[in-house]
**Q** 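Structure in structure tokens, see below.
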Amino acid sequence: MINNIIRSVFLILLFFISLSAIGDDIKNETEGDRRAKGIEARADRKFIRQDFDEAMVIYETAFSHALSSGYGAALHLKVARLYLTLLDYTKAVPHYESAMAISGNVFSTADICNYLDALRFSGQRMKAISLARRYAFRDTYHSDQRYQNILHALNYEDGFLPIGMPEFTVRSLDKVNTSNSEFWVGVKAGEYFYASSKSRFHDPNKKFYHRSNYFSLAENSGYSVRSEGDVKNRMLDMIPSSLQNGPVSFSRNMTRMVVTQVYYGKSEGIGMTSQGLNTFQTRLYYSNYDQKRKGWSSFKEIFPQIEGSSYSHPYLFNNDRSLLFASDMPGGFGGYDIYVTHWDDRKGTWGESVNLGSQVNTEGDEISPSLFDDMLIFSSNGHIGFGGYDVYGITYENGHTVDGSLVHFDYPINTVHNDFSLLHIDEDRGYIVSDRKTANKDDIFYFERNISDKRNNNMLFGISEAKAVSNGSINLIRDENKNYTGIPLKEALPSSRFVEHVLSLYFDFNSYMLGTEALKALEAWQKESDFSKIDTLVMEGYADEIGGEQYNQVLSEKRAIEVGNWMKDNGIRAKLLMQGKGQIAADIDFASLLSQFSQELSGKSLYQYLPLENKIRLNRDVRRVDIKAITK
């Protein structure tokens with residue numbers, strides 16, 4: 001009895017000593033966070049002023065302070081994102097790794113995709129594959145098309161070649177391209193112009209570029225096209241330097257231009273959103289040509305634009321009475337969507353912005369719209385593609401897209417890198433922007449139909465009469481035989497199949513045997529399921545954090561195999577995939593559990609002081625196997 005009392009008193013004293021130690025830790029962490037946040041703010045100001053090298057040095061010094069886990073993970077992720085905007089993939093990767101090691105919960109699907117890009121573009125393909133496999137069967141990532149496209153790019157990094165001669169030849173404009181970004185080609189009175197950025201900042205969404213200059217392709221390119229009566233650079237010279245930050249659009253009758261302006265907002269800080277950095281916003285401005293005065297009006301905001309949203313990639317058409325553009329304004333499908341607005345003569349203003357709908361827009365980003373005949377051409381990382389942004393076309397008639405007419409352009413127009421801003425010259429020639437030469441950021445390429453394909457003059461990018469095409473060009477031919485000699489292969493895009501979580505089975509501590517409750521759940525599920533619709537069943541095994549990491553990896557695999565064996569023994573004929581995912585942390589609400597002691601307890605610090613039996617009880621939900629069905 002006395003021994004029990006002594007033991008109880010000792011445990012109580014130990015607990016309150018632990019609380020005191022945790023309180024000291026929290027105090028130190030808070031002080032470290034406060035110092036680091038001051039450093040972060042100073043670095044933000046440098047970065048916004050485009051003192052990038054100095055800014056990044058300052059950010060790095062913030063990590064010398066003792067940071068709390070939440071702030072540390074967020075700051076590492078922010079610095080990784082900023083290195084990515086400078087295309088410094090090698091320096092971005094360690095910060096992604098550090099953020100992931102502290103807390104994977106700070107990562108959005110866009111962050112995982114950017115992390116994968118940083119790995120593969122810095123030559124760390126195997127690390128990228130390992131990371132991708134960790135997320136491949138999670139519902140959120142299976143439904144994210146950008147992530148699926150990156151998976152495919154990892155499988156086929158050399159690109160996609162058609163059987164026989166490619167339809168087009170694509171050449172880099174070596175007289176134009178530099179180590180900076182050449183990011184846009186437009187046409188003005190029959191003359192083709194391009195934009196080049198002098199800034200190292202590189203917006204991953206391709207919506208704008210700092211410190212841009214505009215040049216004529218006629219003066220710099222061996223593949224330029226000019227017509228009689230060319231207008232020289234004087235109109236471009238009239239664009240104020242503060243507005244030379246992205247794509248420009250001119251109406252065909254040369255009475256209106258629309259330009260992109262970087263909008264800094266009221267803060268000198270660099271904010272973070274679930275989609276990434278909101279360092280800079282962009283807005284659209286326009287100017288009209290006055291025939292009487294023979295000059296251009298001052299630039300004005302083209303229509304009221306929502307604070308916190310960006311507007312870019314303008315494209316005037318319909319004799320300057322209609323405008324296509326991309327925006328992440330609220331109410332879209334996700335990311336950047338393409339909208340159209342029309343000029344209202346009666347009001348003398350632009351009308352309501354109309355989203356082009358789900359045939360064009362996705363949960364990903366859609367940018368760089370243009371028109372050729374009756375086809376709307378745009379770029380997207382949200383449709384099925386080769387990886388990154390790919391170029392697509394859809395029939396556009398009477399102000400509406402035609403259902404079922406979406407097409408995906410073949411290699412070498414599209415690659416496993418970012419391909420966007422395609423502008424036609426005619427049905428056989430055009431320009432496209434791509435970062436397929438990763439060392440040069442974005443470059444301009446000239447494409448031309450191969451001579452052998454010119455026999456069919458009704459073809460546009462391999463598509464005859466777009467309105468007659470459903471989406472046949474996206475169903476590429478697959479051939480698994482890699483032993484052909486002299487015949488390049490055309491690879492298949494991944495089929496889009498639905499992954500559904502169907503059941504979770506729970507295990508006793510340190511056990512991989514199916515218990516009574518798990519067996520009952522399996523039997524009930526088998527009776528209710530239609531296996532004719534299931535292609536593959538995936539068993540993902542997990543273990544708690546108690547014990548060694550290697551031991552828990554083996555235990556999680558044994559749990560998955562045990563469920564798979566049950567499937568085989570009970571006559572389930574679907575393909576079976578068993579995976580051990582190793583140990584994971586339980587989702588424990590420590591704040592409510594121990595609020596009587598402190599409102600500022602750190603869950604991670606507190607966990608180590610809990611008795612073993614409490615840890616076992618709290619971790620019961622992570623000792624499991626998740627069963628997922630991939631439908632046919």
Side-chain angles (χ1 to χ4, degrees), residues 109 112 129-156 358 362-364 382-385 470-472 474-480 491-507 511-543 553 555-582 584 621-632:
T109 53
I112 294 296
I129 291 173
S130 177
L131 175 67
R133 284 174 177 167
R134 290 167 58 184
Y135 293 87
F137 291 98
R138 297 189 187 184
D139 291 348
T140 300
Y141 291 89
H142 191 273
S143 61
D144 188 279
Q145 192 56 56
R146 182 187 172 196
Y147 174 80
Q148 293 296 320
N149 291 346
I150 291 174
L151 287 186
H152 201 239
L154 287 169
N155 287 331
Y156 303 105
S358 60
T362 68
E363 292 180 350
H383 288 284
I384 297 175
S470 59
N471 69 342
I474 208 167
N475 297 318
L476 304 184
I477 301 168
R478 181 166 189 153
D479 193 331
E480 297 292 344
E491 300 288 357
L493 291 168
S495 58
S496 180
R497 297 185 293 176
F498 184 69
V499 176
E500 179 182 2
H501 177 275
V502 295
L503 189 63
S504 289
L505 304 172
Y506 299 94
F507 291 77
S511 172
Y512 61 88
M513 303 303 294
L514 287 165
T516 303
E517 292 300 320
L519 288 169
K520 287 181 179 178
L522 277 169
E523 290 166 359
W525 166 72
Q526 185 182 18
K527 290 178 182 178
E528 297 170 358
S529 299
D530 181 0
F531 291 97
S532 66
K533 297 180 180 179
I534 296 176
D535 178 82
T536 304
L537 288 168
V538 182
M539 275 64 71
E540 295 180 344
Y542 296 93
Q553 176 65 40
L555 181 59
S556 70
E557 292 171 0
K558 288 181 177 180
R559 287 172 175 166
I561 292 170
E562 183 72 9
V563 177
N565 289 336
W566 185 95
M567 301 276 188
K568 294 175 185 177
D569 294 342
N570 285 270
I572 294 175
R573 300 304 176 209
K575 298 173 186 175
L576 302 177
L577 178 62
M578 286 79 80
Q579 297 180 331
K581 295 290 188 177
I584 56 173
D621 290 340
V622 300
R623 296 189 294 271
R624 70 177 191 269
V625 168
D626 290 338
I627 303 174
K628 298 179 180 180
I630 302 177
T631 60
K632 293 180 179 178

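The residues of the chain are indexed from 1 along the displayed sequence.
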**Q** Do the charged groups of Arg624 and Asp626 touch, with an N to O distance under 4.0 Å?
**A**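 Salt bridge flag = yes for Asp626 with Arg624.
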**Q** Does any N or O in the side chain of Tyr542 come within less than 3.5 Å of the main-chain N or O of Arg559, such that one atom is a donor and the other an acceptor?
**A**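 No, because the side chain of Tyr542 does not come within donor-acceptor range (under 3.5 Å) of the backbone of Arg559.
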**Q** Taking salt bridge (charged side-chain N to carboxylate O under 4.0 Å, His left out) as the test, write out the residues that go with Glu562, two or more places apart.
**A**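 Expected list: none.
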**Q** Are the side chains of Phe531 and Leu537 in contact, using a 4.5 Å heavy-atom criterion?
**A**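 A side-chain contact exists here, since the closest heavy-atom pair is under 4.5 Å.
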**Q** Work out which heavy atom in Asp621 is nearest to a heavy atom in Tyr506; give both atom names and the distance.
**A**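 Residues Asp621 and Tyr506, closest heavy atoms: O-CE2, 3.4 Å.
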**Q** Could you check whether any side-chain N or O of Gln526 sits under 3.5 Å from a backbone N or O of Asn570, counting only pairs where one atom can act as donor and the other as acceptor?
**A**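 Yes.
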**Q** Gln553: what forms a side chain to side chain donor-acceptor pair (under 3.5 Å) with it, not counting sequence neighbours?
**A**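 So Gln553 forms a side chain to side chain donor-acceptor pair (under 3.5 Å) with Glu557.
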**Q** What pair of heavy atoms forms the shortest contact from Leu505 to Leu503, and how long is it?
**A**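 Shortest heavy-atom contact: CD2-CD2, 3.6 Å.
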**Q** Listed by chain and number, what are the ring pair (Phe, Tyr, Trp, His ring centres under 6.0 Å) partners of Tyr512, not counting sequence neighbours?
**A**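 Tyr512: no ring pair (Phe, Tyr, Trp, His ring centres under 6.0 Å) contacts found.
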**Q** Taking all non-hydrogen atoms of both residues into account, name the closest pair between Ala560 and Val625 and its distance.
**A**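 Shortest heavy-atom contact: N-CG2, 3.8 Å.
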**Q** Is the closest side-chain heavy-atom distance between Glu540 and Val538 below 4.5 Å?
**A**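 Yes - at least one pair of side-chain heavy atoms lies under 4.5 Å apart.
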**Q** If you look at every heavy atom in Val563 and Phe507, which pair is closest and at what distance?
**A**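 Closest approach of Val563 to Phe507, heavy atoms only: CG2-CZ, 4.1 Å.
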**Q** Within the structure provided, determine whether Gln579 and Arg133 are in side-chain contact (heavy-atom separation under 4.5 Å).
**A**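 Not in contact.
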**Q** Check whether any side-chain heavy atom of Leu522 sits under 4.5 Å from a side-chain heavy atom of Ile627, and report yes or no.
**A**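 In short, these two side chains touch, coming nearer than 4.5 Å.
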